[in-house]
Amino acid sequence: TLTNIVPQNSTLNQGQWREYENGIKGNASAKGCIKSYMITGIVPGNKRISDNRINVPSHIWSAGCCRVKNGGFTSWAVLANNTENKVSYMTLGELELKLQVLYARGNNIFLFDNQCPRKYKHDDFCTNSAISTKLIAFNFRF
């Protein structure tokens, strides 16, 4: 199922998640990205709202991969518990491993193809930028 909106903790949405979103475009440019690809998703939670029709996610995640000027690629990822105002920055590989556990899947999860590096440390990628970008959000079923 594709969607572009999910119930998100308002403190997270107006706090750390907003800072992450606002930092993406400016920092991607600073890293030399010439074409970026973003995916954002959720981990279904145990709570439902709106007459039990809408699932409230336990976690919200986002990952990006971009082609840089030298022809290579760089990647980044974040994960947030939907009950806290905290975004954890990590490598793409770290997020894929965490999602494998959170989705309780025995097989590997690959969010991008092999050109996107799994080991790039994301700590300094999205900080202190007021430039926002549009994210492509989706929720998928297995």
Side-chain angles (χ1 to χ4, degrees), residues 1-50 53-142:
T1 304
L2 298 177
T3 185
N4 65 355
I5 189 168
V6 297
Q8 186 178 35
N9 176 295
S10 62
T11 304
L12 174 62
N13 179 267
Q14 296 170 14
Q16 294 293 308
W17 194 263
R18 178 177 288 187
E19 288 181 25
Y20 164 70
E21 288 179 328
N22 287 343
I24 294 170
K25 188 173 182 180
N27 286 296
S29 295
K31 293 290 184 184
C33 294
I34 55 175
K35 181 132 179 133
S36 297
Y37 303 91
M38 295 290 306
I39 53 176
T40 300
I42 60 101
V43 176
N46 295 322
K47 182 179 176 183
R48 298 185 76 78
I49 58 174
S50 297
R53 294 176 301 145
I54 299 172
N55 180 275
V56 177
S58 64
H59 294 80
I60 300 170
W61 56 266
S62 185
C65 181
C66 76
R67 181 181 299 273
V68 293
K69 292 176 183 173
N70 69 6
F73 287 84
T74 190
S75 63
W76 61 91
V78 297
L79 178 67
N81 184 316
N82 199 21
T83 61
E84 302 173 11
N85 183 25
K86 181 180 178 192
V87 172
S88 298
Y89 294 83
M90 60 193 66
T91 67
L92 176 59
E94 289 169 330
L95 177 63
E96 290 170 336
L97 290 174
K98 287 180 185 289
L99 292 178
Q100 187 174 330
V101 172
L102 289 168
Y103 287 125
R105 294 186 43 93
N107 54 341
N108 294 334
I109 291 177
F110 296 100
L111 299 174
F112 293 102
D113 68 23
N114 289 334
Q115 289 181 317
C116 298
R118 270 40 193 188
K119 301 296 181 196
Y120 179 80
K121 195 63 181 165
H122 178 65
D123 293 1
D124 65 341
F125 195 84
C126 293
T127 56
N128 300 323
S129 175
I131 303 171
S132 65
T133 187
K134 182 179 178 183
L135 296 179
I136 301 169
F138 70 93
N139 174 11
F140 52 91
R141 285 184 201 186
F142 298 102

Open item on the list: Would you compute the distance between atom CG of Leu12 and atom CD of Glu19 and round it to the nearest 0.5 angstrom?
Closed with: 10.5 Å
- [ ] Give a yes or no answer on whether the side chain of Thr74 reaches the backbone of Cys66 with a donor-acceptor pair at less than 3.5 Å.
- [x] no
Open item on the list: Can you give me the closest heavy-atom contact between Leu92 and Ser75, atom names plus distance?
Closed with: CB-OG, 3.7 Å
- [ ] Taking the side chain as every heavy atom from C-beta outward, state whether Pro7 and Ile54 have any pair of such atoms under 4.5 Å apart.
- [x] yes
Open item on the list: If you define the side chain from C-beta out and look only at heavy atoms, does anything of Trp76 sit under 4.5 Å from Ser62?
Closed with: no
- [ ] Enter the distance from Leu95:CG to Arg118:CZ here, rounded to the nearest 0.5 Å.
- [x] 10.0 Å
Open item on the list: Could you report the tightest heavy-atom contact between Trp61 and Val43, atom names first, then the distance?
Closed with: CD1-CG2, 4.3 Å
- [ ] Report yes or no: does Thr91 contribute a side-chain atom to a donor-acceptor pair with the main-chain N or O of Glu94 at less than 3.5 Å?
- [x] yes
TODO: Please examine the side chains of Asn9 and Trp17, heavy atoms only from C-beta on, and report whether any two atoms are closer than 4.5 Å.
DONE: no
- [ ] Quick one: pull up SG in Cys116 and CZ in Phe73 and give me the separation to the nearest 0.5 Å.
- [x] 6.0 Å
Task: Check: Glu96 and Leu111 side chains under 4.5 Å, non-hydrogen atoms - done: yes
Open item on the list: What's the separation between atom CE in Met38 and atom NZ in Lys25, rounded to the nearest 0.5 Å?
Closed with: 13.0 Å
Task: Reported CZ-to-CD distance for the pair Arg67 and Gln115, which is rounded to 0.5 angstrom - done: 6.0 Å
TODO: With rounding to the nearest 0.5 Å, note down the distance linking CG in Leu102 to CD1 in Ile42.
DONE: 11.0 Å
TODO: Kindly check if the number of other-residue, nucleotide or ligand heavy atoms within 6.0 Å of CG (Asn70) is above 12?
DONE: yes
- [ ] Report the residue from Thr83, Asn82, Leu79, Leu99 that forms a side-chain contact (heavy atoms from CB on, under 4.5 Å) with His59.
- [x] Leu79
